[in-house]
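Every number for a ligand or one of its atoms is a count from 1 in the order of the listing. None of the values given here were measured: they were computed from a predicted structure.
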Amino acid sequence: MSLQPEIVNEMILNRRSVFQQQYSGEPVNDAIVWQMLQNANWAPTHKLTEPWRFVVFTGDGLKTLADFQASLYKQVTEKDGSYREERYQNLLTKPMLSSHIVAVCMKRDEKKTVPEIEEIGAVFCAIENMYLTATGYGVGGYLSTGGITYFEEAKEFFGLSKEDKLIGFFHVGIPKNSLPEGRRKPVEEKVKWVN
Ligand SMILES: Cc1cc2nc3c(=O)[nH]c(=O)nc-3n(C[C@H](O)[C@H](O)[C@H](O)COP(=O)(O)O)c2cc1C
């Protein structure tokens with residue numbers, strides 16, 4: 001095995017979030033989504049708890065997700081008075097702009113072997129692997145944590161129990177155009193180096 005660091009650097013620097021409006025509407029091959037999930041499965045995990053779980057929506061499944069999330073949004077927000085029609089319509093229609101949507105979940109192990117923050121951290125590492133794999137295949141993707149992500153009532157639909165968490169929705173699609181420049185402040189501003 002010979003690993004080439006330049007390739008890793010290039011992949012990381014060229015990773016971008018690509019949003020639904022930027023997708024062409026063409027389907028992404030399921031095999032690429034499977035590869036994203038295979039690579040997600042190799043994220044670091046303290047005590048090998050492997051807390052990531054995925055529910056993949058594609059084809060008619062996107063409509064199933066859309067109907068569920070819009071109706072749950074309505075049900076919950078009408079009760080607390082925060083309902084907004086525009087948000088409801090987005091939840092009902094936007095999923096169909098993606099080729100696949102992967103609901104990314106954290107399954108808490110029964111023994112609570114490691115602190116919850118570490119399980120959530122491991123799932124976010126898995127998400128970065130998904131992002132980088134998409135980059136490698138020229139596929140667009142991004143993590144969304146809007147909508148019903150943090151609704152307790154959403155968990156059952158994704159096979160989760162009270163101790164588990166819905167982390168977000170990873171959207172996948174073919175980018176229509178070239179990707180925008182990235183923006184980051186220099187890392188030197190964020191590092192204290194002790195010799
Ligand atoms: C934890 C997390 C949650 C995010 N949630 C959303 C979201 O709900 N909606 C959204 O448009 N982008 C979301 N993003 C993507 C960010 O908008 C994106 O990473 C940021 O704009 C930087 O762009 P880049 O990923 O191309 O570097 C999320 C990213 C992370 C890491």
Side-chain angles (χ1 to χ4, degrees), residues 8-24 28 32-33 36-37 39-40 43-45 51-57 62 65-66 68-70 72-73 76-77 82 84 86-108 115-155 157-158 160 164-190:
V8 178
N9 297 341
E10 209 176 317
M11 294 265 294
I12 291 171
L13 287 178
N14 285 289
R15 183 206 57 77
R16 290 286 167 278
S17 288
V18 187
F19 305 101
Q20 295 104 320
Q21 299 86 336
Q22 299 169 290
Y23 301 155
S24 68
V28 172
I32 294 178
V33 177
M36 290 167 63
L37 298 170
N39 291 350
T45 156
W52 41 81
R53 296 290 182 278
F54 308 101
V55 184
V56 182
F57 299 89
L62 293 168
L65 173 64
F68 167 74
Q69 66 177 15
L72 181 64
Y73 170 77
V76 171
T77 57
S82 64
R84 281 179 40 212
E86 189 194 347
R87 196 163 278 188
Y88 172 80
Q89 288 302 333
N90 281 342
L91 290 167
L92 190 60
T93 56
K94 271 182 136 185
M96 276 68 83
L97 298 174
S98 299
S99 167
H100 297 67
I101 298 177
V102 182
V104 183
C105 310
M106 184 278 284
K107 185 92 194 147
R108 192 81 170 105
E116 186 188 59
I117 191 171
E118 300 191 1
E119 300 294 52
I120 296 170
V123 177
F124 278 110
C125 291
I127 291 170
E128 177 69 349
N129 283 1
M130 294 169 74
Y131 258 119
L132 290 175
T133 309
T135 306
Y137 283 94
V139 162
Y142 88 102
L143 177 69
S144 157
T145 49
I148 61 161
T149 303
Y150 302 127
F151 286 21
E152 196 56 34
E153 300 85 340
K155 286 182 175 174
F157 180 78
F158 300 97
L160 302 173
D164 309 329
K165 284 197 185 306
L166 179 57
I167 299 292
F169 296 94
F170 199 93
H171 294 252
V172 183
I174 304 282
K176 273 195 280 213
N177 301 310
S178 54
L179 304 183
E181 287 287 305
R183 282 179 301 128
R184 290 293 187 273
K185 296 187 201 88
V187 71
E188 288 78 4
E189 292 177 12
K190 302 156 190 162

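- Nearest to atom 25 (O) of ligand 1 among the protein's heavy atoms is Ser17 OG, 2.6 Å.
- Counting all heavy atoms, side chain and backbone alike, Gly141 lies closest to Tyr131 at O-CE2, 3.6 Å.
- Taking 4.0 Å as the cut-off, Arg15 counts as a neighbour of ligand 1 on heavy-atom distance.
- Between the CG atom of Leu179 and the CZ atom of Arg15 there is a distance of 10.5 Å, given to the nearest 0.5 Å.
- The single protein non-hydrogen atom nearest to atom 11 (O) of ligand 1 is Phe19 CE2, 3.4 Å, given as residue, atom name and distance.
- Taking 4.0 Å as the cut-off, Gly182 does not count as a neighbour of ligand 1 on heavy-atom distance.
- Nearest to atom 10 (C) of ligand 1 among the protein's heavy atoms is Tyr142 CE1, 3.6 Å.
- Distance check on atom 31 (C) of ligand 1: every protein heavy atom falls at or beyond the 4.0 Å cut-off.
- The aromatic ring centres of Phe169 and Phe158 sit less than 6.0 Å apart.
- Taken from CG in Leu92 to CG in Leu65, the straight-line distance is 11.0 Å, to the nearest 0.5 Å.
- Remark: side-chain polar atoms of Tyr142 are not paired, donor with acceptor, to backbone N or O of Gln20 under 3.5 angstrom.
- In this structure Val76 satisfies the side-chain contact (heavy atoms from CB on, under 4.5 Å) test together with Leu72, Phe151, Glu153, sequence neighbours excluded.
- Nearest protein neighbour of atom 7 (C) of ligand 1, counting heavy atoms only, is Thr145 N, 3.6 Å.
- At least one heavy atom of Ser144 sits less than 4.0 Å from an atom of ligand 1.
- For atom 20 (C) of ligand 1, the nearest protein heavy atom lies 4.0 Å away or farther.
- Contact detail for Ile174 and Val28: the closest heavy-atom pair is CD1-CG2, 3.8 Å.
- Taking each heavy atom of Ile101 and Ser98 in turn, the nearest pair found is CG1-CB, 3.8 Å.
- Taking every heavy atom of Arg16 and a limit of under 4.0 angstrom, the matching atoms of ligand 1 come to 26 (O).
- In terms of protein heavy atoms, atom 1 (C) of ligand 1 is closest to Phe124 CE2, 3.6 Å.
- Of all atoms in ligand 1, listed by their number and element, those nearer than 4.0 Å to a heavy atom of Gly146 are 8 (O).
- Nearest protein heavy-atom contact of atom 29 (C) of ligand 1 is Leu143 O, 4.2 Å.
- When all heavy atoms of Ile167 and Val123 are compared, the pair lying nearest together is CG1-CG1, 3.9 Å.
- The side chain of Arg184, and not its backbone, has at least one atom closer than 4.0 Å to an atom of ligand 1 (non-hydrogen atoms only; side chain from C-beta on).
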